[in-house]
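So you know, we letter chains A, B, ... as the sequences are listed, proteins then strands, and number each from 1.
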Amino acid sequence: MGKQDVGITVSKKEDFSEWYTQVVLKAKLADYAPVKGLIVLRPDGYSIWESLRSTFDKKFARNGIRNGFLPILIPESLLGKEQKHFAGFNPEVFWVTHSGTNEIGDRLALRPTSETLAYTLYSKWIQSWRDLPLKINFWNTALRAEIKATKPFLRTSEFLWQEGHTVHSTKEEAEKEVLKILEIYKNTVEEELAIPVITGKKSEKEKFVGAEYTTTMESIMPDGKALQMGTSHFLAQNFSKPFEVKFADKDNVEHFAWQTSWGVSWRLIGAMIMAHGDDKGLVLPPKVAPMQVVVVPIYKNAEDGEKVISKVDEILDSLEQKSIRVHVDNREGLSPGFKFNDWELKGVPLRIEIGPKDIENQSMVVAKRYNLEKIKLNLNEIEKIPDILDEIQIEMLEKAKSESKDNTKNITDYEEFKEKIEDGGFFNSPWCGKLECEDKIKEETGAEIRVIPFNSEDNTKKCVYCKEPSVSIPIFARGY
RNA sequence: GGGAUCGUAGUCUAGCUUGGUAUGAUACUAGCCUGGGGGGCUAGUGGUCGCAGGUUCAAAUCCUGCUGAUCCCA
């Protein structure tokens, strides 16, 4: 009884979209807010974000990047200063038009992104080559009105993210920074979230409006759709000119600076849910799991209870000493089976079951969430738990890699392209580099160039669409 | 951008055609029993029927507008 209401009621394979929403809500990561397109993060969801944030902060700091804070309101006059950029964002900007009952002359935008605001300040802060490089990251939210159906973490009108903005004295240094950031993104997503990504450039059509070029990391989700996991843009001098971000070089000649901007959002959490979750619910990689181990004590009378609880206390102490995030589920009146299912729904990586039978033969049952495997360990093998968690982290990435590989195909024939795109997946298909072909393919198949992987230049093949000589082999896919 | 479906307790839902103050499950609270994969019994708590207006003696039900959600198509 009640099984259907508490757990996930659809299979990931049969109804991916519904499955996803149920996992988010039932694992208590997030909930819908009373305003269209907005969601509320609950502690388990926010905790994952905090974990990612702390990892990124460490890596950013090591790279000389510090955190700052920018206000959420940007005057229209400022936002409109870089024309292409403005045109790109304008349709989805929320506007503040009144303060109290008074109409505001220069309307205020709720930031869709902060380039214009940041660079207005940067132009004040930078005068000399000695002020460079300037590297600041901002953790905040951005607001972009979503007209399409929204989905928690993947498409929401307000989202948590970080936006980094750096300024450099040379083009080379700025371009190096773009790649350095992309590398940080890639290894963080792979190591922390256990999701494999492919890095490369966006096509001209898909790049960030205002950037000279955009580098990106993309992942293929289990439903065959592509998800953009993060982007790092080379802005060249496109913003430094209108915003007059200038510096006097050593030779006392004034130059426009070279800039980058980059960001990842809580969409990464959505990717993690999709990549690892199963029909029982969420599956969390140990590194970002708010709770890494849950201990379920099992007993039926006070006498057994005492013995079990004292063992559980020992386990708790031992794991806490090793900095493992551990929780004991001592809720009364719930059957062990209920608890097992409950923690599986929430995705806790390891569960330790311990009852009278275990005490008797000095053992414990350890259940791995990601493959639902149960093993029996001796009580003194509690020392092994950190290693088991590390193994799980690695195995989850391997599993995701192999799934990702299965979803990737080399396709050179357009008929085959059209047919197979219905099932989704990443298609490595040669391209002539022309916008017309890119547009046509998108129009006819719904697939777009997600990423032109680094080192995918290839002029020996024929464009999958027009059959003229190729310039590269990008990854085509339908996206989120 | 176009189309479809839907909104009733924390959650899911009956009732709507044919107007008369809301059904059941689950969850929650208490007690007892139970306990190694979603337990049982008993007794309770919980609702401006998405919002606003209209028709009517009377609206969850009929009408209008709004709003939110889900799915499909471009």
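Within the 4.0 Å cut-off from OP1 or OP2 of B/rG38, not a single side-chain nitrogen or oxygen of A/K339 is found. Phosphate proximity of B/rG36 to A/Y299: absent, as no side-chain N or O sits under 4.0 Å from OP1 or OP2. An OP1 or OP2 oxygen of B/rU11 is reached within less than 4.0 angstrom by no side-chain nitrogen or oxygen of A/K28. The side chain of A/S335 places no N or O atom within less than 4.0 Å of a non-bridging phosphate oxygen (OP1 or OP2) of B/rG35.
In this structure, a donor-acceptor pair under 3.5 Å is present between the side chains of A/S17 and A/K151.
Atom CG of A/D358 and atom P of B/rG35 are 16 Å apart (whole Å). Atom CG in A/L377 sits roughly 21 Å away from atom P in B/rG36 (whole-Å rounding). Distance, A/F340 CZ to B/rG35 C1': 10 Å, rounded to whole Å. Protein atom CZ of A/F16 is 12 Å distant from nucleotide atom P of B/rC72, rounded to whole Å. Put simply, NZ on A/K300 is 16 Å from P on B/rG39, counting in whole angstrom units. Distance A/K36 NZ to B/rA69 C1': 8 Å, rounded to the nearest Å. Separating the CD atom of A/E444 from the C1' atom of B/rC73 is a distance of 17 Å, rounded to the nearest angstrom. Distance, A/L334 CG to B/rU34 P: 17 Å, rounded to whole Å.
A/K280 comes within 4.0 angstrom of a nucleotide base, judged by non-hydrogen atoms across all strands. Within the nucleic acid shown, A/T21 has no heavy atom closer than 4.0 Å to any nucleic acid atom. Using a 4.0 Å heavy-atom cutoff across all strands shown, A/K151 reaches sugar-phosphate atoms only and no base atom. Among the atoms of the strands shown, only primed sugar atoms or phosphate atoms (P, OP1, OP2) are found under 4.0 Å from some heavy atom of A/G37. As judged by a 4.0 angstrom heavy-atom cut-off over every strand, A/V296 is placed among residues making no nucleic acid contact.
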Which atom pairs, one a donor and one an acceptor, fall under 3.5 Å between side chains of residues 344-354 of chain A and the rest of the protein, sequence neighbours left out?
from, atom 1, to, atom 2, distance (Å)
A/E344, OE1, A/K280, NZ, 3.2
A/E344, OE2, A/R351, NH1, 3.0
A/R351, NE, A/E353, OE2, 3.1
A/R351, NH2, A/E353, OE2, 2.8
A/E353, OE1, A/K374, NZ, 3.4
A/E353, OE2, A/K374, NZ, 3.2

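Out of B/rG39, B/rC71, B/rA69, the shortest distance to the side chain of A/F338 is found at B/rG39. The side chain of A/D342 lies closest to B/rG38, out of B/rG38, B/rG37, B/rC71. You'll find that the side chain of A/N341 is closest to B/rG38, out of B/rG35, B/rG38, B/rU70. Minimum atom distance to the side chain of A/I298 is reached by B/rG36, of the listed B/rU70, B/rG38, B/rG36.
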- Taking it one step at a time, do A/K401 and A/E403 satisfy salt bridge (charged side-chain N to carboxylate O under 4.0 Å, His left out)? CA-CA 5 Å; A/K401 272 184 181 166; A/E403 281 168 11; over 6 Å; no
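The separation of B/rU48 from B/rC6, taken at their P atoms, amounts to 24 Å, rounded to a whole angstrom. B/rA59 and B/rG54 have their C1' atoms separated by 11 Å, with the value rounded to a whole Å. To the nearest whole angstrom, the two C1' atoms, one in B/rU13 and one in B/rU26, are 10 Å apart. Rounded to a whole angstrom, the distance from the P atom of B/rU61 to that of B/rG44 is 31 Å. Atom name P, nucleotides B/rG19 and B/rC12: the rounded distance is 29 Å, in whole Å. Here, B/rA58 and B/rG20 have their P atoms 14 Å apart, quoted to the whole Å. Nucleotides B/rU70 and B/rU11 have their P atoms positioned 15 Å apart, rounded to a whole Å. Between the C1' atoms of B/rC72 and B/rA14, the separation comes to 28 Å (whole Å).
The number of heavy-atom neighbours closer than 6.0 Å to NZ of A/K440, taken from other residues, nucleotides and ligands shown, is 12 or below. Residue A/K205 places its NZ atom among more than 12 non-hydrogen atoms of other residues, nucleotides or ligands, all under 6.0 Å distant.
Cation-pi check for A/R144 over A/W161 is met; the charged atom lies under 6.0 angstrom from the ring centroid and within 45 degrees of its normal.
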- Could you write out RNA chain B as a dot-bracket string, with dots for unpaired bases, | for bases paired across to another strand, and Watson-Crick or G-U pairs counted at under 3.5 Å? (((((((..(((.......[...))).((((((.....)))))).....(((((..]....)))))))))))).
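We find that A/E218 and A/K202 are joined by a salt bridge, their nearest charged nitrogen and carboxylate oxygen being less than 4.0 Å apart.
Both A/E353 and A/E443 lie near RNA chain B, and the one whose nearest nucleotide falls closer to the 5' end is A/E353.
Pairs passing the salt bridge (charged side-chain N to carboxylate O under 4.0 Å, His left out) check and including a residue from residues 87-115 of chain A, sequence neighbours excluded, read A/E76-A/R107.
A perpendicular orientation is assigned to the rings of A/F239 and A/H85, their planes being inclined by more than 60° (bins at 30° and 60°).
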